[in-house]
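Working notes, beginning with the structure itself.
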Number of protein chains: 2
Amino acid sequence: MPVTELSDPTTAEAARIRFRDRQFAAREQAIVEATHRLLAQHGYDAMSMDDIAAEVGIAKGSLYRHFPSKEALAASVMVELLERSRTALRTTPAHFSPGQRLRWLLRWTFEQRLAGSVPHLPATNSALQTALLAHKVYVDQLFALSESLGELIGQAQALGELRADLPPTFVLYSFYARACDPTLDFMRAGGTLNDDQLVEYLVSACFDGLK
Amino acid sequence: MPVTELSDPTTAEAARIRFRDRQFAAREQAIVEATHRLLAQHGYDAMSMDDIAAEVGIAKGSLYRHFPSKEALAASVMVELLERSRTALRTTPAHFSPGQRLRWLLRWTFEQRLAGSVPHLPATNSALQTALLAHKVYVDQLFALSESLGELIGQAQALGELRADLPPTFVLYSFYARACDPTLDFMRAGGTLNDDQLVEYLVSACFDGLK
DNA sequence: GTCTATACTGAGATAGAC
DNA sequence: GTCTATCTCAGTATAGAC
């Protein structure tokens with residue numbers, strides 16, 4: 001009878017542990033998501049651990065059972081974003097050329113930001129930036145993404161889809177910078193343009209220029 | 001004899017006052033310049049009033065004889081930058097076309113930043129941004145500059161020097177965004193490019209695009 | 001007006017009960 | 001593991017002596 005097995009002490013114990021682990025993992029995910037929202041809305045400095053705890057609906061002290069510091073928590077958010085970005089890059093339509101892939105990925109990042117995501121790179125000289133550079137997982141993810149992008153850029157330049165007179169590093173950094181373009185925030189605040197049009201303008205301004 | 005006039009009590013008193021005023025004004029200028037440096041290097045949040053006082057070489061309390069708050073002090077820095085920008089715009093070579101003026105001004109802002117100036121716009125959602133929007137002088141200066149730029153953009157679009165399919169507001173915001181382009185900081189940190197070349201790349205990437 | 005010393009606040013992090 | 005309560009510290013701003 002299954003009853004015996006269900007009431008078996010060791011099995012019940014194991015089930016309880018698995019359940020608790022799931023609870024713990026779920027809560028941690030909720031923390032990361034709440035932090036992501038606040039980070040996108042208010043930025044790193046303006047976001048306090050009190051705010052996060054309130055947003056999740058738990059006590060501030062409990063946050064520190066999951067993450068050792070505010071910096072580590074923010075790093076988790078950024079690592080998750082980088083992982084999703086790498087997945088997005090891997091899943092670009094197979095028949096796309098390198099140049100089309102880059103355009104496609106830039107469009108994807110704008111759509112993410114419009115949907116409430118945090119920009120990929122923190123503002124220069126911000127407290128967050130220096131904190132992130134100390135986090136190995138973050139730096140590794142960023143490096144991996146940059147490798148893939150650098151490869152695409154090289155191919156696109158060789159194919160004449162990107163200007164070859166610009167150093168690849170410059171193109172890479174510009175790509176990151178455009179992904180965080182504050183023009184998106186300004187225009188959204190203005191509110192006269194619909195989102196699709198805005199994204200097309202941003203992508204076009206990056207690759208085709210203003211002239 | 002001039003001696004009598006020099007030793008005249010009221011004249012001597014007036015001279016002392018003028019001297020004290022100059023001292024005061026000079027100190028205030030030193031404060032603004034020190035703040036500008038720290039703002040450019042570390043950003044608004046990371047810069048404390050202690051840092052500023054130490055940089056100037058005066059007591060922290062004395063800062064508050066000149067500026068009522070940290071925000072007001074930062075606003076002074078930004079207002080001064082905007083004033084210099086408007087002057088730069090007014091003094092573009094007379095024979096330049098609207099498009100050439102815009103290019104020229106963008107190049108000027110990059111050179112300013114390379115020389116240690118703070119970028120024109122604070123990071124989105126930063127504490128500084130919201131503080132500045134409450135300062136009337138700052139907002140007025142920014143509005144005046146935007147008016148002039150908007151006029152130039154309209155003319156350049158009419159002449160075919162700028163794409164006319166992009167909304168003028170979008171071009172204006174993009175111009176501001178490029179003036180603060182973090183690519184400049186990244187590349188400078190990398191250090192493989194000389195400054196002149198970097199500026200040309202940045203200007204070209206803005207107007208001509210990456211493609 | 002400038003200095004030293006200090007009040008006050010907000011925020012990150014920790015301790016101890018349950 | 002989570003909660004409440006508290007510690008610690010940095011940072012803005014002010015008070016009072018000179």
Side-chain angles (χ1 to χ4, degrees), chain A residues 13 15-32 34-35 38-39 41-77 125-132 134-135, chain B residues 13-32 34-35 38-39 41-77 125-128 130-132 134-135:
Chain A
E13 173 73 10
R16 200 159 44 238
I17 288 176
R18 280 198 307 275
F19 177 74
R20 230 175 42 184
D21 282 355
R22 273 207 310 278
Q23 285 280 80
F24 188 80
R27 194 178 300 249
E28 191 157 306
Q29 188 57 30
I31 293 173
V32 171
T35 305
L38 293 175
L39 204 53
Q41 280 173 31
H42 309 301
Y44 182 75
D45 292 303
M47 165 191 79
S48 74
M49 294 298 264
D50 285 283
D51 295 336
I52 300 173
E55 175 93 3
V56 183
I58 63 174
K60 178 164 62 163
S62 303
L63 290 179
Y64 288 88
R65 290 284 157 185
H66 293 264
F67 298 93
S69 68
K70 183 183 177 184
E71 296 178 356
L73 180 43
S76 282
V77 170
N125 290 336
S126 78
L128 181 55
Q129 191 190 39
T130 52
L132 287 176
H135 273 268
Chain B
E13 172 72 10
R16 203 165 34 243
I17 288 175
R18 281 199 305 277
F19 176 75
R20 230 177 40 186
D21 281 356
R22 273 208 309 279
Q23 285 279 80
F24 188 81
R27 194 178 301 249
E28 190 156 306
Q29 188 57 30
I31 293 172
V32 172
T35 306
L38 293 174
L39 205 52
Q41 282 173 31
H42 309 302
Y44 182 75
D45 291 303
M47 165 190 79
S48 75
M49 293 298 263
D50 284 282
D51 296 336
I52 300 174
E55 176 93 2
V56 183
I58 63 174
K60 178 164 59 167
S62 304
L63 290 179
Y64 289 89
R65 292 282 158 186
H66 294 263
F67 298 94
S69 68
K70 182 184 177 183
E71 295 179 357
L73 179 44
S76 282
V77 171
N125 291 335
S126 79
L128 180 55
T130 54
L132 287 176
H135 273 268

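A, B, ... follow the sequence lines: proteins, then strands. Residue 1 opens every chain.
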Tyr64(B) OH to dT4(C) P, in whole Å, measures 16 Å
Anything under 3.5 Å between a donor and an acceptor, one on a side chain of residues 53-60 of chain A, the other on a protein residue two or more places apart or in another chain? List them.
from	atom 1	to	atom 2	distance (Å)
Glu55(A)	OE2	Arg37(A)	NE	2.9
Glu55(A)	OE2	Arg37(A)	NH2	3.2
Lys60(A)	NZ	Asp50(A)	OD2	3.3

On a heavy-atom basis, the closest approach of Ala127(A) and Asp45(A) is CB-OD1, 3.8 Å
Ordered by number, residues from residues 46-55 of chain A within less than 4.0 Å of DNA chain D (heavy atoms) are none
Lys70(B) NZ to dG10(C) P, in whole Å, measures 15 Å
Original post:
Quick one: does Asn125(A)'s side chain get under 4.5 Å of His42(B)'s, heavy atoms only?
Top reply: no
Do Phe67(B) and Thr35(B) come close enough that some side-chain heavy atom pair is under 4.5 Å?
no
ask   = Is there side-chain contact between Phe19(A) and Arg22(A), with heavy atoms separated by less than 4.5 Å?
value = yes
Practice problem: Step by step, work out the side-chain contact (heavy atoms from CB on, under 4.5 Å) result for Lys70(A) and Met47(A). | Solution: CA-CA 10 Å; Lys70(A) 183 183 177 184; Met47(A) 165 191 79; 4.0 Å; yes
note: Leu73(B), atom CG; dG11(D), atom C1'; distance rounded to Å ~ 15 Å
dist His66(B):NE2 -> Leu73(B):CG (nearest 0.5 Å) comes out at 10.5 Å
Query - Tyr44(B) vs Ser126(B) side-chain heavy atoms within contact, under 4.5 Å - result: no
When rounded to whole Å, the OH to C1' distance for the pair Tyr44(A) and dG12(C) reads 10 Å
Phe67(B) CZ to dT12(D) P, in whole Å, measures 15 Å
Its contact letters, B for base, S for sugar-phosphate only and - for none at protein heavy atoms under 4.0 Å, make nucleotides 1-7 of chain D read SBBB---
